[in-house]
Amino acid sequence: MLVCEKGRVAGEQSGRNWGWVRQQGRSPIELPLMMESLRLWQGFTRELGEDIGFTQGGCLYLADNPKDFEAFGNWLPNASAVGLDTRLLSSRELSTVLKGDVSRWAGGMYTQSDGRAEPSRAVPGIARAASRAGARIVSNCAVRGIERAAGRTQAVVTEHGVVNASSVVCAGGAWTSLFCASLDIAVPQLRVKGTVARTAPAAVVLNGEAWCPHVAIRRRWDGGYTVAHGSALHHSLVPATLRFATKFFPAFMQEHGAIRLRIGRDFLQALKTPRRWPLDKESPFERERMLDPAPDEGVLAEMRAGLDRWFPEMGAPAFVESWGGMIESSPDVLPMLSPVAGLEGFFIATGFSGHGFGIGPGAGQLVADMVTNRASAAALAPFRLSRFFDGSPIRPGPTI
Ligand SMILES: Cc1cc2nc3c(=O)[nH]c(=O)nc-3n(C[C@H](O)[C@H](O)[C@H](O)COP(=O)(O)OP(=O)(O)OC[C@H]3O[C@@H](n4cnc5c(N)ncnc54)[C@H](O)[C@@H]3O)c2cc1C
């Protein structure tokens, strides 16, 4: 197996995320795959032989008013349908999992078996283990396109040469739609930017992760916290926004409180990006080796205020680093793990919509089964690309 990475492993989303390995709050459609992923995460530390920071410290959603607390209850049937240990905690019961004055909260939803891991350690660790098992991983190697014959995949054309391949998985994260467009394959996908920071080591307020609309925190292996805004994402309007507008409309309506729209340079930049290119010349993937968006200063200020207001027991630790991460999303906020009609041997694995770190191991297993013809049609059906084109209703799942 050959993995071509245009930049470096974990340079984009997989190394920039919050590190939540969460079952709680997911769509029932992907919940079984996520539970299988958690099982795989549990074995990783032993199998990889290195500390990837995985631990099951629990996931907590917090409500500061009774209405939001009550709304958490709507998700509980999804948990009980699959035997997941999610429960509601009253304001007083919160003290069993959260240190400090819990009376500021109306209550919470909690899943003790949920986990966390360190993206910057886990993903390179998994890549090293894959190499030891025989995979060849080549960094700074952009794939420019595919050679095909008689409707079949024949080879990938990389910036360093051509590699014969009868099966190709395009798992290009936020670049998948552009790559597929060059093959005349429509993949509805848009980008939103998240802003993240890490703190200096600070007092322990919980062992896992917690979310409320104002701020999201995750305990880190180094004694600090990874911090983000609970509900602030930026989307720069680009031609793809218009191209896929009808498909993304339901998701936009669901998330309009969190999405901050912008129009500016990105629109012109995207207009200038070719959608087809000669395979013997530099491609867009070599021109931008790594998506490294700047964190948003305004969002950082809101995160600072949110952290100090809602988790004062942490002792207001300084933000010692901050970064931006470009999240790619599908219209129903669920992954696309799918063969592509009309191009045999070509598959896509994308659309993880801001929660693909946790589900990665199970999704990877399912993709491997898909490529080797061992996946059942039932397992793949919810994740097929064609759901966006066959008239199926687009009902976005929850994003957090
Ligand atoms: C700020 C933020 C917070 C998040 N928080 C969480 C979380 O707490 N929990 C969770 O489960 N998920 C979270 N996610 C989502 C999660 O990180 C992603 O869903 C997941 O990492 C996607 O993995 P991927 O391999 O599909 O994409 P990526 O990690 O983006 O990898 C795709 C790779 O493909 C490479 N590539 C693209 N095109 C080419 C080409 N033509 N040739 C060669 N290489 C190419 C890119 O360089 C890139 O490295 C978050 C994401 C962000 C950005």
[X] side chain near [Y] side chain, heavy-atom distance below 4.5 Å:
X	Y	value
Glu12	Trp175	yes
Gln112	Arg87	yes
Pro250	Pro331	no
Leu38	Gln42	yes
Pro312	Arg104	yes
Ser27	Leu334	yes
Val3	Val9	no
Trp310	Leu62	no

Starting from Leu190 and following side-chain heavy-atom contacts under 4.5 Å between hydrophobic residues (I, L, V, M, F, W, Y), which residues can be reached?
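In the cluster with Leu190 are Phe244, Phe248.
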Are there more than 12 heavy atoms of other residues, nucleotides or ligands under 6.0 Å from atom [atom1] of [X]?
X	atom1	result
Glu36	CD	yes
Arg136	CZ	no
Arg265	CZ	no
Ile137	CD1	yes
Arg395	CZ	no
Phe389	CZ	yes

Please, which pairs that meet salt bridge (charged side-chain N to carboxylate O under 4.0 Å, His left out) have at least one residue in residues 372-394, sequence neighbours excluded?
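Every pair satisfying salt bridge (charged side-chain N to carboxylate O under 4.0 Å, His left out) with a residue in residues 372-394: Asp332-Arg387, Arg384-Asp390.
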Any pair with a residue in residues 65-79 that passes salt bridge (charged side-chain N to carboxylate O under 4.0 Å, His left out), sequence neighbours left out, goes on the list, sorted by first then second residue, please.
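Non-adjacent pairs meeting salt bridge (charged side-chain N to carboxylate O under 4.0 Å, His left out): zero.
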My understanding is that only one of Thr195, Thr199, Val196 makes a side chain to side chain contact (heavy atoms under 4.5 Å, CB included) with Val227; could you say which?
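Going through the options one by one, the only one that passes is Thr199.
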Is there a donor-acceptor pair closer than 3.5 Å between any side-chain N or O of [X] and the backbone N or O of [Y]?
X	Y	result
Trp75	Arg26	yes
Lys99	Glu313	no
Trp20	Gly358	no
Gln24	Met109	yes
Arg191	Met326	no
Ser353	Ser330	yes
Arg16	Gly324	yes
Glu159	Ala142	yes
Ser131	Ala127	yes
Lys193	Ala294	yes

In one Ile/Leu/Val/Met/Phe/Trp/Tyr side-chain cluster, 4.5 Å: [X], [Y]:
X	Y	value
Val168	Val157	yes
Phe54	Val123	yes
Leu307	Met303	yes
Val320	Ile217	no
Phe179	Leu337	no

Just say parallel, tilted or perpendicular for the rings of Phe285 and Trp277, cut-offs at 30° and 60°.
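Rings of Phe285 and Trp277: perpendicular, over 60°.
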Relative to each other, are the rings of Phe69 and Phe72 parallel, tilted or perpendicular (30° and 60° limits)?
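It falls in the perpendicular class, over 60°.
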Does this structure show an ion pair linking [X] with [Y], if we count only N-O contacts that are shorter than 4.0 Å?
X	Y	result
Glu321	Arg220	no
Asp280	Arg144	no
Glu50	Arg128	yes
Arg132	Glu47	no
Arg218	Glu118	yes

Could you walk me through whether Phe267 and Leu242 pass the side chain to side chain contact (heavy atoms under 4.5 Å, CB included) check?
CA-CA 11 Å; Phe267 194 93; Leu242 308 177; 4.3 Å; yes
Distance-only side-chain donor-acceptor flag, [X] / [Y], under 3.5 Å:
X	Y	result
Ser113	Asp85	yes
Arg116	Asn207	yes
Asp296	His229	no
Glu255	Thr399	yes
Ser139	Arg8	no
Glu93	Thr96	no
Tyr225	Arg219	yes

Working for side chain to side chain contact (heavy atoms under 4.5 Å, CB included), residues Phe388 and Met336
CA-CA 10 Å; Phe388 299 120; Met336 299 172 241; 3.8 Å; yes
[atom1] of [X] to [atom2] of [Y]: how many Å apart, nearest 0.5 Å?
X	Y	atom1	atom2	result
Leu385	Leu380	CG	CG	12.5 Å
Thr273	Leu268	OG1	CG	10.5 Å
His355	Ile327	NE2	CD1	10.5 Å
Thr45	Asp51	OG1	CG	6.5 Å
Thr176	Glu328	OG1	CD	6.0 Å
Asp64	Arg309	CG	CZ	7.0 Å

Using the rule given for side chain to side chain contact (heavy atoms under 4.5 Å, CB included), can you reason through Leu206 versus Val97, listing the C-alpha separation, both sets of side-chain angles and the distance that settles it, and then say yes or no?
CA-CA 6 Å; Leu206 85 176; Val97 295; over 6 Å; no
Mind running side chain to side chain contact (heavy atoms under 4.5 Å, CB included) on Ser166 and Arg152 for me, showing each step along the way?
CA-CA 8 Å; Ser166 54; Arg152 268 215 67 93; 3.9 Å; yes
Taking the ring centre of each residue, are Trp105 and Tyr61 less than 6.0 Å apart?
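No.
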